[in-house]
Amino acid sequence: MRRHARRGEAGREVSAAPADGAPSLRGAETGRRIGVGLMYGLWRPRVLGAWKVPASGPVILAVNHSHNVDGPMVLGVAPRPMHFLIKKEAFVGPLGTFLTGIGQLQVDRTAIDRTAITRALGVLTDGGVLGIFPEGTRGEGDFASLRAGLAYFAVRSGAPIVPVAVLGSAERRGRLIGALPPLRSRVDVVFGDPFQAVEAAAGGDAAGGRRTRKVLDAATEHIRKQLTAHLENARRLTGRRATPE
């Protein structure tokens with residue numbers, strides 16, 4: 001059975017999302033199978049280092065984000081079913097119903113979303129895979145500016161972080177559908193070595209899993225360095241340039 005939801009942090013504005021609706025592992029597996037068919041059917045993913053993702057137990061996949069296809073691409077090529085934290089604006093109409101059905105998590109980026117936090121931690125507590133765009137929004141995809149959410153989940157849960165670089169999705173626009181990469185083009189997905197966020201935070205606070213500002217700031221900086229180094233290595237491995245065409 002799924003554990004009872006934890007209390008969120010008090011004294012801060014929170015979203016009014018309902019407390020039920022824990023993400024479905026079966027739905028996430030269905031989403032992965034759909035993703036496999038779509039991603040390999042529409043493009044030509046080249047996946048490197050997928051074996052580095054732990055075969056069991058909680059893990060956080062930290063993914064760079066330069067194109068809307070990055071999330072579905074990782075969902076389709078990852079070796080385990082996963083639950084992405086996705087902005088609530090995407091959960092509208094049939095798409096929202098579909099995303100919920102395949103076990104994805106909506107999050108309100110304008111407030112401390114207690115429901116999203118509880119559900120994401122529940123995924124990790126149950127030994128699942130949580131996907132996060134640590135930059136918080138789509139941009140250059142270079143991990144230059146990270147939000148504190150990734151550090152919070154990593155420190156709170158103790159789950160290892162696996163960096164993931166998606167390269168090639170934003171290099172060119174498709175001729176038929178300009179909002180997507182060219183059909184049958186190569187998109188590289190490079191998984192890195194797992195690491196612990198608390199390695200950067202010395203002292204008893206880190207060892208005890210406490211979320212002091214000092215611990216979270218140190219963890220965020222450590223994560224940023226690890227993700228940036230992985231992205232640079234991924235570019236060398238794939239021969240991708242640092243900037244889109």
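Position 1 is the first residue of the sequence; numbering continues from there. Remember, predicted model here, so these are calculated numbers, not experimental data.
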request  = For Phe191 and His230, run ring pair (Phe, Tyr, Trp, His ring centres under 6.0 Å): C-alpha distance rounded to whole Å, both residues' side-chain angles, the deciding distance at 0.1 Å, then the answer.
outcome  = CA-CA 9 Å; Phe191 295 85; His230 170 67; 8.5 Å; no
ask   = Is there a path from Met82 to Phe91 through hydrophobic residues (I, L, V, M, F, W, Y) whose side chains come within less than 4.5 Å of each other?
value = yes
query = Any link between Val77 and Val190 through a network of hydrophobic side chains (Ile, Leu, Val, Met, Phe, Trp, Tyr) touching at under 4.5 Å?
reply = no
query = Side-chain contact, heavy-atom cut-off 4.5 Å: Tyr152 with Val215?
reply = no
request  = Grab the two heavy atoms, one from Phe84 and one from Gly71, that are nearest each other, plus how far apart they are.
outcome  = CE1-O, 3.6 Å
ask   = Do any N or O atoms from the side chain of Asp217 and from the backbone of Lys214 form a donor-acceptor pair under 3.5 angstrom?
value = no
ask   = Looking at Val166, Val189, Val162, which hits side-chain contact (heavy atoms from CB on, under 4.5 Å) with Val63?
value = Val166
inquiry  = Any side-chain to backbone donor/acceptor pair from His83 onto Leu130? Under 3.5 Å, distance only.
reply    = no
request  = Examine distances only and state if a side-chain atom of His65 and a backbone atom of Ile132 form a donor-acceptor pair shorter than 3.5 Å.
outcome  = no
inquiry  = Please check this pair: side chain of Thr118 against backbone of Arg114, looking for a donor-acceptor N/O pair closer than 3.5 Å.
reply    = yes
key: Any donor-acceptor N/O pair, Asp113 side chain to Arg109 backbone, under 3.5 Å   = no
Step-by-step side-chain contact (heavy atoms from CB on, under 4.5 Å) determination, Leu150 to Leu227 = CA-CA 12 Å; Leu150 174 55; Leu227 297 185; 4.3 Å; yes
request  = Without swapping roles, check the side chain of Gln106 against the backbone of Thr100 for a donor-acceptor pair under 3.5 Å.
outcome  = no
ask   = Which heavy atom in Arg184 sits nearest to a heavy atom in Tyr40, and how many Å separate them?
value = NH1-O, 2.9 Å
ask   = Is Arg26 atom CZ crowded by more than 12 heavy atoms from other residues, nucleotides or ligands, each under 6.0 Å away?
value = no
request  = Determine, using the 4.5 Å side-chain heavy-atom cutoff (strictly less than), whether Leu48 and Val164 are members of one ILVMFWY cluster.
outcome  = no
inquiry  = A side-chain contact here means heavy atoms from C-beta on lying under 4.5 Å apart; do Gln196 and Ile161 qualify?
reply    = no
query = Does any non-hydrogen side-chain atom of Val123 lie less than 4.5 Å from one of Pro23?
reply = yes
query = Of all heavy-atom pairs between Ala219 and Ala151, which one has the smallest distance, and what is that distance?
reply = CB-CB, 4.1 Å
message = To the closest 0.5 Å, what do you measure between OG (Ser169) and CG (Asn64)?
response = 7.5 Å
query = Where do Val69 and Trp43 land on the side-chain contact (heavy atoms from CB on, under 4.5 Å) test, with the steps shown first?
reply = CA-CA 11 Å; Val69 80; Trp43 296 285; 3.7 Å; yes
Test log, rule side-chain contact (heavy atoms from CB on, under 4.5 Å), inputs Val129 and Leu61 = CA-CA 7 Å; Val129 181; Leu61 300 190; 3.8 Å; yes
message = Going by salt bridge (Lys or Arg N to Asp or Glu O under 4.0 Å), name the residues that satisfy it together with Arg33, two or more places apart in sequence or in a different chain.
response = Glu29
note = Output for pair (Asn233 CG, Thr228 OG1), nearest 0.5 Å, gives 12.5 Å
ask   = How far does NZ of Lys88 sit from OG1 of Thr110, to the nearest 0.5 angstrom?
value = 5.0 Å
request  = Could you tell me the separation between the CG atom of Leu167 and the OG1 atom of Thr238, rounded to the nearest 0.5 Å?
outcome  = 5.0 Å
inquiry  = Can you give me the closest heavy-atom contact between Ala165 and Ala234, atom names plus distance?
reply    = CB-CB, 3.8 Å
query = Measuring from Met39:CE to Arg32:CZ, what's the distance to the nearest 0.5 Å?
reply = 13.5 Å
inquiry  = Could you report the tightest heavy-atom contact between Gly127 and Arg80, atom names first, then the distance?
reply    = O-NH2, 3.0 Å
query = Roughly how far, to the nearest 0.5 Å, is CG of Asp126 from CG of Leu25?
reply = 9.0 Å
inquiry  = Can you tell me which residue among Arg236, Arg44, Arg240 is in a salt bridge (charged side-chain N to carboxylate O under 4.0 Å, His left out) with Asp188?
reply    = Arg240
key: Stepwise side-chain contact (heavy atoms from CB on, under 4.5 Å) test for Arg156 and Leu121   = CA-CA 8 Å; Arg156 174 76 179 260; Leu121 288 173; 3.6 Å; yes
task = Find out whether Leu95 and Leu99 are in side-chain contact, i.e. whether some heavy atom of one side chain is under 4.5 Å from a heavy atom of the other.
result = yes
message = Taking the side chain as everything from C-beta on, heavy atoms only, tell me whether His67 gets closer than 4.5 Å to Pro181.
response = yes
task = Please tell me if the side chains of Trp51 and Pro79 come closer than 4.5 Å, counting only heavy atoms from C-beta onward.
result = no
query = Are Leu237 and Leu231 connected in a single hydrophobic cluster, I mean Ile/Leu/Val/Met/Phe/Trp/Tyr linked by side-chain heavy atoms less than 4.5 Å apart?
reply = no
request  = Over all heavy atoms of both residues, which pair between Leu124 and Phe153 is shortest? Give the atoms and the distance, please.
outcome  = CD1-O, 4.2 Å
message = Between Gln104 and Ile102 (side chain of the first, backbone of the second, donor and acceptor by atom type, cut-off under 3.5 Å), is there such a pair?
response = yes
